[in-house]
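The block underneath contains the structure these notes are about, expressed in C-alpha cells.
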Amino acid sequence: MAAVTMVQAINMALARAMAEDPQVVVLGEDVGRDGGVFRATEGLLDRFGADRVFDTPLAEAAIAGVAVGLAAQGFRPVAEIQFSGFIYPALDQMISHAARMRNRTRGRLTCPMVLRAPNGGGIRAAELHSESPEALFAHVPGLRVALPSSPERAYRLLLAAIRDPDPVVFLEPTRLYRAGSEDVADDGKAAPLDRAFVLRPGEDLTLVAWGGVVPMALAAAERLAEEGISAEVVDMAWLKPLDTATLIESVARTGRCVIAQEAARSGGVGAEIAARLAERVLDRLAAPIERVAAYDAVLPYPRLEAHCLPSETRLLAAARRAMGRA
Amino acid sequence: MAQSTDALIGLYRAMCLTRAFDAKAIALQRTGRLGTFASSLGQEAVSVGVAAAMRPEDVLLPSFRDHGAMLWRGVDMAESLLYWGGDERGSDFAGPRQDFPVSVPVGTHAPHAAGVALAFKLRREPRVAVCLFGDGATSKGDVAEALNIAGVWRLPAVFVVCNNRWAISTPVERQTAAETLARKADAAGMPGERIDGNDVELVVETAARALARARDGQGPSLIEALTYRMGDHTTADDARRYRDDAEVSRQWAQDPIARTRRRLVDLGAWGKAQEEGMLAEHAAAIERAVERYAATPAQPPVTLFDYTYANLPAELAEQRAAFRPEDA
C-alpha cells in the first residue's frame, strides 16, 4: 500500500476498473499520450492500448454524446471534460439523453457512463477553470452526482460511479488533487452508492460539506473543538441523490447545521439540504440553518477569488453564530 | 444498379404503408386519440430507402420524422402509436432492440451515432451506425462535432440529411449559405453526395454504397437526400402561415410514391388490382395496429418512478411510497 494523492487515486481507480472490466474505456481531450492535463489518465494508454483510451477532438458535446452511444452499446465509457467551466456544451447530452435513455426506452437502452471533470477553485487558475457547476447536474432526474474529498474516497467513489448502471457526473476538486496523500489500498472496493460519510462525530453542531471544502470543514471542526464546541462533519459525497437519512439523523441529534458549499449560494445544493432539514427536523433545530457559500457574484479571477469562495473564517463565524457565540 | 422488380415493389409498399400510417396517425390526433405527431408526408423515399439499405444488425438512429425507416426496421405500428400517444413503452420496441428511439432535440443524436460506430469499430464488428436528421440539424454544433469525430476516427457511420427544405418555418436557404448540405462533409474529411431523395431506388443505391464503404473500414459518408416536407411540421403547426400553397402543389409532381408507382406500371409489374389489394391490406394492418394500441393496458401511474434509475434511490423510493395516483 502506497501513499497517493487524489489524482493518483483517481488514476488507480481508472486502471483498476479497466483491468477488471474490458467494457471500461476512457475518452477525452488529451487523455492519451499526455495523460490528461492533471495526469488523471497517465499511463492508461500504455497499459491498456489505443482501443481503450482515446484522445478526442476538442468537442465537449461530442465527448458526452459519443459516450452515450458507446454506453448504449454496452461499453462503460469514462469521459473526461478538461475543466468544469467547459462542461456546459455537454449539459444537453447529459440532460436530454444520458439521464433519460433508460426511462424513455423502458430500460431497453441504458447509459452506464461517467462524465469526469475537475471542479472548483483554489488553484489560481485562469477564468472559467474554477467553476462549481454541481447543482446544474444535481437538479436532473436520472443522473448521479458525486464529489470526492480525499484520495481514498476518490478511489472508492469513482469505482462506484463506473460500476453504477446509470450515468454519473463525477466532479473532482482541483484544489485537492495534490493537496495531500494518504494510503489507499488498491483493493477494488467501491464506496456505497448514494451514501454520505460522517468524517468526524460530534454533538453540538453538524457541518455539512462536499468536495473541495471538506478539508476546510474538518479544520474548522478542529478549531471549534478547541473552543469547546463538538462539531460533526458530514461529507455528502453524493449530491444526487442526497443521503437525507444521514443528514436528518445528524442534525436531529445536534440541533444545529452549517452547510459549506463552494458553489454560488442561491439555488445551490445547500439550499436543497436546508429545505430537507426544514421539512424534517425544524422542530429539533436550536438555531437557524447557516449556509456558507460563494457569493452570488461572477466568480472573480485569481486575485479576488479567495474573497468570494467560502473560507475557514466564514465557516467558523457561521458555526459560532449557530452556537449563539457570535 | 436498378432494384429488382420485387425489391422495388417492396420499397413501394413500404412507402405506401408509411403514408397510410401517417394519415391514420394524423386522423387519430385530430380526434383526440394521439398526441402531437410529426408527419413524414412526401419524404417517405428517404426514410424507407435508407433503412432498406441497412442490415438487421446495423443500428438506426432516427429523427422524429423517420416512421418509414423505423417501420422497415421492424418497429410495430402499434409501438409507434404508443410513443406518439404519450406512452414511453412505445420506444421499447420488440423488433430492432439496439436501434435508438427518435431524437426529439434536433441533431443531438448525431454524436450517439459516432459512439455506436466507435463501439462497432472497437469490437471489429462489420456493422454500421446510420443516423438520419433533417436540414435544420445541419446548423447545429452537435452534427458538426459528430461528423468531425466520425471523419477523424474513420468510423463505420452513415449520416443522412433528409433535406425536406423546411425546419418548421425556416427554409433551407435561411439555414445555410453553403451551396449544398452535402458539402459539409468536406470539412469532416468524408465523402458527401447530394441526391434526389424522391427517387427511392437512388436512395437505396447511394445508401448501400455508403454502408458498404463503412462496413469495409473505409469510414463514414454524408448523404444529402433532397425531398420536400409536404405536410405541416407537426399536427401542432399550420404551414400555411409561412409557405405558399402553390409551392406545395408544385412539389406534388415530385411525389416519390407516384413516381415509383409509375415506374412499376411501366415495368408491367403493377396495376389496379395490386394497388387495390395493397391498400386494403395496409388499411387492415393499420386498423389492427390501432386496435392493439387502443387495447394496450395503461401503465400504472406509479411506474413513473421505476425507470429513472436501475435501482430506486432512497429519496425516490420515499416519493414513490407517498405517491397517490388520485392526486393528479
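A note on names: the letters A, B, ... follow the listed sequences, proteins ahead of strands, and every chain is numbered from 1.
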(request) Please look at B/Tyr83 and chain A and tell me whether the side chain, the backbone, both or neither of the residue comes under 4.5 angstrom of a heavy atom of that chain. (result) side chain
(request) Select one option (side chain, backbone, both, neither) describing which atoms of A/Gln73 are under 4.5 Å from chain B's heavy atoms. (result) both
(message) Which one wins on heavy-atom pair count under 4.5 Å against chain B: A/Gly142, A/Pro89, A/Ala59?
(response) A/Gly142
(message) If I measure from the heavy atoms of chain A, does B/Gln299 come under 4.5 Å with its side chain, its backbone, both, or neither?
(response) side chain
(request) Go through the steps for B/Glu145 and A/Val66 under the test side chain to side chain contact (heavy atoms under 4.5 Å, CB included), then give the verdict. (result) CA-CA 10 Å; B/Glu145 291 189 14; A/Val66 164; over 6 Å; no
(request) Please check if the side chain of B/Asp92 supplies one atom and the backbone of A/Gly107 the other of a donor-acceptor pair under 3.5 Å. (result) no
(message) Quick check: closest heavy atoms across B/Val152 and A/Pro57, and the distance to 0.1 Å?
(response) CG1-CG, 3.8 Å
(message) As an exercise: rank A/Val25, A/Leu143, A/Leu27 by heavy-atom pairs under 4.5 Å with chain B and give me the winner.
(response) A/Leu143
(request) Check each atom of A/Thr110 against the heavy atoms of chain B and say whether the ones under 4.5 Å are side chain, backbone, both or neither. (result) neither
(message) Quick check on B/Gln98 against chain A: is it the side chain, the backbone, both or neither that has a heavy atom closer than 4.5 Å?
(response) both
(request) With rounding to the nearest 0.5 Å, note down the distance linking CG in B/Leu122 to CZ in A/Phe54. (result) 4.5 Å
(message) With chain A as the partner, which of B/Lys121, B/Glu318, B/His109, B/Arg89 has the greatest number of non-hydrogen pairs under 4.5 Å?
(response) B/Glu318
(message) Is B/Phe100 close to chain A through its backbone or its side chain, or both, or neither, when contacts mean heavy atoms under 4.5 Å?
(response) both
(message) Show the nearest heavy-atom pair for residues B/Ser103 and A/His97, with the distance to one decimal.
(response) OG-CE1, 3.6 Å
(message) Set out, in order, the CA-CA distance, both residues' side-chain angles and the distance that settles side chain to side chain contact (heavy atoms under 4.5 Å, CB included) for B/Val102 and A/Arg104, then state yes or no.
(response) CA-CA 10 Å; B/Val102 302; A/Arg104 68 194 300 264; 4.3 Å; yes
(message) Within this structure, what is the CD-CZ distance for the pair B/Glu88 and A/Arg102, rounded to the nearest 0.5 Å?
(response) 14.5 Å
(message) Heavy-atom pairs under 4.5 Å with chain B: which of A/Met101, A/Gln93, A/Arg108 has the most?
(response) A/Arg108
(request) Measure the CG-CZ distance between B/Asp87 and A/Arg106 for me, rounded to the nearest 0.5 Å. (result) 7.0 Å
(request) Starting at CG of B/Asp99, measure out to OG1 of A/Thr105 and round the result to the nearest 0.5 Å. (result) 12.0 Å
(message) Counting heavy-atom pairs under 4.5 Å with chain A, which one of B/Ala114, B/Ala144, B/Pro313, B/Pro101 comes out on top?
(response) B/Pro101
(request) Check each atom of A/Arg52 against the heavy atoms of chain B and say whether the ones under 4.5 Å are side chain, backbone, both or neither. (result) neither
(request) Drop me the distance from A/Asp92's CG to B/Lys140's NZ, to the nearest 0.5 angstrom. (result) 6.0 Å
(message) Looking at every non-hydrogen atom in both residues, tell me the closest pair between A/Ala61 and B/Asp142 and how far apart they are.
(response) CB-OD2, 4.1 Å
(message) Out of A/Ile63, A/Thr244, A/Leu242, return the one with the most heavy atom pairs under 4.5 angstrom to chain B.
(response) A/Leu242
(request) Please report the closest heavy-atom contact between A/Pro141 and B/Tyr309, naming both atoms and the distance. (result) C-OH, 4.1 Å
(request) Hey, could you give me the CH2/OG1 distance between B/Trp153 and A/Thr56, rounded to the nearest 0.5 Å? (result) 6.0 Å
